[in-house]
Amino acid sequence: MRFRGRALLFGFVIAVMAVPGIALLIPRFLVLNTLGLFDTYTGMILPMLVGAGGIFMMKQFFESIPREVEEAARVDGAGVFRTFWSVVLPMARPALITLTILSFQGSWNEFTHFLVATQSAQYETLTTGLARFVSGGLGSGTQYPLKLAAALLSTLPVAVLFFCFQRYFVRGANAGAVKE
C-alpha cells in the first residue's frame, strides 16, 4: 500500500537492521526493567515477536506480487482487506513458512536476549542452561560426550521443523500467478 512516509518508515527498518544486536543489550534491559517485564515470560516473548529482518523479507515478497493480481481482485469487487486476505495472503504461504522457520530457529538459538531478560532459574531456557552446563556449572570435568549429546538434542526441534516444511521453504512464491 502506498502512504505518506512509507520510504522513511522503511529507512528506519533498514537502520534497525544495521545496528548490531550486541549494541542493543543494555537498552533492551532498561526497557524491559522500566516496563516491569524483566524476569517474566512476557519479557522473554514480546521482544522476539517482531524483527526488522522479517519485516524486510515480507515487504520484499509483497512487492514482488504483480499488480495485475490485485487489480483483478478489485475488478471482481473485493476491497483492500478482502484482496489481502483472499488473494495475497494465500500467495504468501511460502514466504510466511520461510519466516516462521527462520524466526523459530532464531528464537530457539537466542542466547543474549534471554541472558539479559531473565535472572531467575525458573525462566532459564535451553540455550542458557546448555551454556551453564558447558561452562561447568552443573558438574566438574570435561564431559565432552555428554556436552555433545546435549548440543545434538538442542538442534533436533529446528531440524524437524525444517524437514517438515522444506517443500514450502524452497518453492517459488508466484508460480503460475499471472499469465502473460
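When reading the values below, keep in mind they use all heavy atoms of this one structure, side chains included, and skip hydrogens, waters and symmetry mates.
When all heavy atoms of F84 and P90 are compared, the pair lying nearest together is O-CD, 4.3 Å. The two atoms that bring L161 and I101 nearest to each other are CD2-CA, 4.1 Å, heavy atoms only. A pairwise comparison of heavy atoms in W108 and P157 identifies CZ2-CG, 3.5 Å as the closest pair. In terms of heavy-atom proximity, L130 sits nearest to A150 at CD1-CB, 3.5 Å. Across L37 and T40, no two heavy atoms sit closer than the pair O-OG1, 2.7 Å. Residue V16 comes nearest to A52 through the heavy atom pair CG1-CB, 3.9 Å, listed as atom of the first residue, atom of the second, then distance.
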Candidate pair E70 and V87, rule side-chain contact (heavy atoms from CB on, under 4.5 Å), full reasoning: CA-CA 8 Å; E70 294 178 38; V87 178; 6.0 Å; no

Hey, mind stepping through V88 and I65 against side-chain contact (heavy atoms from CB on, under 4.5 Å) and telling me if it holds? CA-CA 8 Å; V88 176; I65 294 176; 3.4 Å; yes

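Remark: I97 CD1 to C164 SG distance equals 11.0 Å, nearest 0.5 Å. Going from atom CE of M57 over to atom OG of S103 covers 7.0 Å, rounded to the nearest 0.5 Å. From M91, atom CE reaches atom OG of S64 across 7.5 Å, with rounding to the nearest 0.5 Å. The distance from atom CG of L99 to atom CZ of F56, rounded to the nearest 0.5 Å, is 13.0 Å.
Placement of M58 and L49 in two distinct hydrophobic clusters is found when ILVMFWY residues are connected by side-chain heavy-atom separations under 4.5 Å, directly or transitively. Under the 4.5 Å side-chain heavy-atom criterion for grouping Ile, Leu, Val, Met, Phe, Trp and Tyr, L126 is not connected to L153 through any hydrophobic cluster. Neither I55 nor F61 shares a network with the other; the hydrophobic side chains, linked directly or stepwise wherever heavy atoms of I, L, V, M, F, W or Y lie under 4.5 Å apart, form separate groups for each. Under the 4.5 Å side-chain heavy-atom criterion for ILVMFWY residues, no single connected hydrophobic cluster contains both F38 and L115. Both V50 and V13 are assigned to one and the same hydrophobic cluster, defined by single-linkage of ILVMFWY side chains at heavy-atom distances under 4.5 Å.
Taking the six-membered ring where tryptophan is involved, the planes of Y41 and Y123 are perpendicular, since the angle between them exceeds 60° and thus also 30°.
Other residues, nucleotides and ligands contribute only 12 or fewer heavy atoms inside 6.0 Å of the CD1 atom of I26. The environment of CZ in F10 is crowded: more than 12 heavy-atom neighbours from other residues, nucleotides or ligands sit within 6.0 Å. The 12-atom threshold is exceeded at CZ of R74, counting heavy atoms of other residues, nucleotides or ligands nearer than 6.0 Å.
Judged purely by atom type and a 3.5 angstrom limit, T155 uses its side chain to pair as donor or acceptor with the backbone of L152.
Between E63 and R6 there is a salt bridge, with a side-chain nitrogen of the basic residue lying less than 4.0 Å from a carboxylate oxygen of the acidic one.
Defined by atom type and a distance below 3.5 Å, a donor-acceptor pair is present between the side-chain atoms of T112 and E110. The closest side-chain donor-acceptor pair between S120 and D39 falls under 3.5 angstrom. Of the N and O atoms on the side chains of T128 and T125, at least one donor lies less than 3.5 Å from an acceptor on the other residue.
In this structure, the side chains of L25 and F29 stay at 4.5 Å or more apart for every pair of heavy atoms. The closest side-chain heavy-atom distance from I45 to T42 is not below 4.5 Å.
The side-chain contact (heavy atoms from CB on, under 4.5 Å) with H113 is formed by just one residue from the set T127, L32, L24; it is L32.
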